[in-house]
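Numbered from 1 within each chain, the chains take letters A, B, ... in sequence-line order. This is a predicted model, so every value here is computed, not measured.
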Number of protein chains: 2
Amino acid sequence: MSSADGGGARVEIMGGFAKGLAIIELFGLERPRLTVSDAANGAGLTRAAARRCLLTLEGLGYVEFDGKYFAPRARLRRLGGVAAYATGLAERAQPLIEQLCEELNEPISVAVLDNDASLFIARAEAHRIVSTGVRLGARIPAYCSATGRVLLSGLEPMEVDQYLGRIKPVARTPKGVTDLAALKALIGQASMEGVSFSDEELELGMRSMAVPIHNVAGDIIAACSLSTSASRVTLDEMKRVYLPRLEAVASAIRG
Amino acid sequence: MSSADGGGARVEIMGGFAKGLAIIELFGLERPRLTVSDAANGAGLTRAAARRCLLTLEGLGYVEFDGKYFAPRARLRRLGGVAAYATGLAERAQPLIEQLCEELNEPISVAVLDNDASLFIARAEAHRIVSTGVRLGARIPAYCSATGRVLLSGLEPMEVDQYLGRIKPVARTPKGVTDLAALKALIGQASMEGVSFSDEELELGMRSMAVPIHNVAGDIIAACSLSTSASRVTLDEMKRVYLPRLEAVASAIRG
DNA sequence: TGACTATCGTTCGTTATCCGAACATACTGT
DNA sequence: ACAGTATGTTCGGATAACGAACGATAGTCA
């Protein structure tokens, strides 16, 4: 049952993959969690096959298991892609970040994680003769930006390890962090503190901070950042004055 | 390498399923489409294995193939689940449907598709002594509601066929439609016209219409409906007076 | 408390799914 | 025209995935 003979060639369809997708599609608002039997009945599979699918999903970090029920993790919810889970975010964020930008006179951006990079999808430009910050549509490797570290902190531990296993960090300034263990620690710190700072790592003289934007389920779907000149604003001032405002905007943007 | 020996028992992990998920995760804003070689390189698989994964996804309606590139379809974008792709929709819709409700004095609702049913996630109640419409949190089989037909029209043809293959329609009133071919035609009509009507099928005396709510990618992620009393409003009046207003609200809610 | 039912975890011999190397064909760039 | 690259196809076989069966566990009810 894994070959389809449509005319000429024999096309091998992967039966196990098809079964697994059928299991994934069972989860919904009415069925936020499944037992093995639920899954087998719902997808029309044997109990053993359904169990293997769910264990594969658990092993890869897509679902969690409490001893009886399997339930989706953030990684599963993100499987539809950023075009699905962060849809419309840029449009909703724009007026809010422009307002904050007007107030603080510093550039504010929103970024999503896309193929190991921070992709900047919204930006409000400060009215300064010389402004800092990343341009709209830019992609920056996630490891060396404040937004990137916040976005990475929303991944499952296994995803973080997979990510660190495939990057080759390069420092852009003398202050750039490239050690994998140090990067992992910074990601962990972003997770614990709900904020990340990048101090002259992208460009000398520029310092940024970023906070997460969550969806209703609590998943981190984007990051909101503020950039400023190191000569104008100290790190401490960023924390005391700017951070509460940025957090409030990120909260208002929430998906 | 599909068994993991964690202590005691041998757990069979499904290698083909794991490979398929790795392929799915490659799609992103930077990579909206993939060739077979792109996928093989990106997921660290052989070209043949990557190709079988992509052909499986195509065969099941998750991706489309133009002869060279594979690109996600709506079904793939929905794989993260309604909690991901329609996140925050209820909160964003509520003020807008309350405003329309105030204006027309008819109840307005928003529903998503969840496990073959319309799940009502937002509702604005008309200030009438006797009001019609579905209560918040209710689930109605998709085949017999205007919202359900609109939501089903957003599915891939294969998904619609799979859906029709697993339901057993029951008429709730003498006007209820239960013939599978007729239901398929109604779903097709909702797709073509961008609106669906349910005239006394749920409850005698109650008539409804629903229009789709799209995300930025154009996927139907929810439906917006208005219900009224058949004795008060004709079908023609619904079309002439109410439909444009409902479409405008649905457009404003857009994900 | 015990009988009964439902569900789950595990086993393992079997089988057919999925594998990938190799070859042919198509496409692209110079 | 030709070299290099990419893609489609084939098919024998290795092993991944299978599921029936059994024992264990959990829940229910009298």
Terminal helix-axis angle for the helix from dT1(C)-dA30(D) to dT30(C)-dA1(D), with five pairs defining each axis and rounding to 10 degrees: 60°
Please determine, for the side chain of Lys19(A), which listed nucleotide (dG20(C), dG9(C), dC18(D)) has the closest atom? dC18(D)
By nearest-nucleotide position on DNA chain C, the 5'-leaning member of Ala48(B) and Ala48(A) is Ala48(A)
In whole angstrom, give the distance that lies between atom CD of Glu58(B) and atom P of dT7(D). 15 Å
Phosphate OP1/OP2 of dA6(D) contacted by Ser37(B) side-chain N/O (<4.0 Å): no
Any heavy-atom pair between the side chains of His214(A) and Ile221(A) that's under 4.5 Å? no
Check the orientation of Phe17(A) and Phe17(B). Use parallel for under 30°, tilted for 30 to 60°, and perpendicular for over 60°. tilted
When the distance from CZ of Arg51(B) to P of dG8(D) is rounded to whole Å, what number comes out? 5 Å
For Gln162(B), check side chain to side chain donor-acceptor pair (under 3.5 Å) against everything at least two apart and list the hits. Arg75(B)
What nucleotide among dA17(D), dC8(C), dC11(D) has an atom nearest to a side-chain atom of Val36(A)? dC8(C)
Could you give the CD1-to-P distance, from Ile23(B) to dC18(C), as a whole number of Å? 15 Å
Phe65(B) has a side chain; which of dT7(D), dG8(D), dG19(D) sits nearest to it? dG8(D)
Roughly how many Å is it from CG in Leu34(A) to P in dT7(C), rounded to a whole number? 14 Å
Can you tell me how far P of dC18(D) sits from CG of Leu55(A), to the nearest Å? 12 Å
Taking atom C1' of dC18(C) as reference, at what distance in whole Å does atom CG of Leu54(B) sit? 16 Å
Please classify the nucleic acid contact of Ala49(A) as base, sugar-phosphate, or nothing, using heavy-atom distances under 4.0 Å. sugar-phosphate
Any side-chain heavy atom of Tyr69(B) sitting closer than 4.5 Å to one from Val36(B)? no
Could you tell me if Arg73(A) sits above the aromatic ring of Tyr62(A), with its cationic atom closer than 6.0 Å to the ring centre and no more than 45 degrees from the axis? no
On DNA chain D, does the nearest nucleotide to Arg52(B) precede the nearest nucleotide to Thr35(B) from the 5' side, or the other way round? Give the residue. Thr35(B)
Of Phe70(A) and Gly16(A), the one whose closest DNA chain C nucleotide lies more 5': Phe70(A)
Please state how far atom CD1 in Ile13(B) lies from atom P in dC18(C), giving the value in whole angstrom units. 16 Å
In Å and rounded to the nearest 0.5 Å, what is the CD1 to CZ distance from Ile121(A) to Arg123(A)? 14.0 Å
Can you tell me the distance, in whole Å, between the CD atom of Glu12(B) and the C1' atom of dC12(C)? 9 Å
Can a donor-acceptor pair be found, under 3.5 Å and without considering hydrogens, that links the side chain of Asp219(B) to the backbone of Ala74(B)? no
Among the candidates dC18(D), dT7(D), dC22(D), find the nucleotide nearest to the side-chain atoms of Arg47(A). dC22(D)
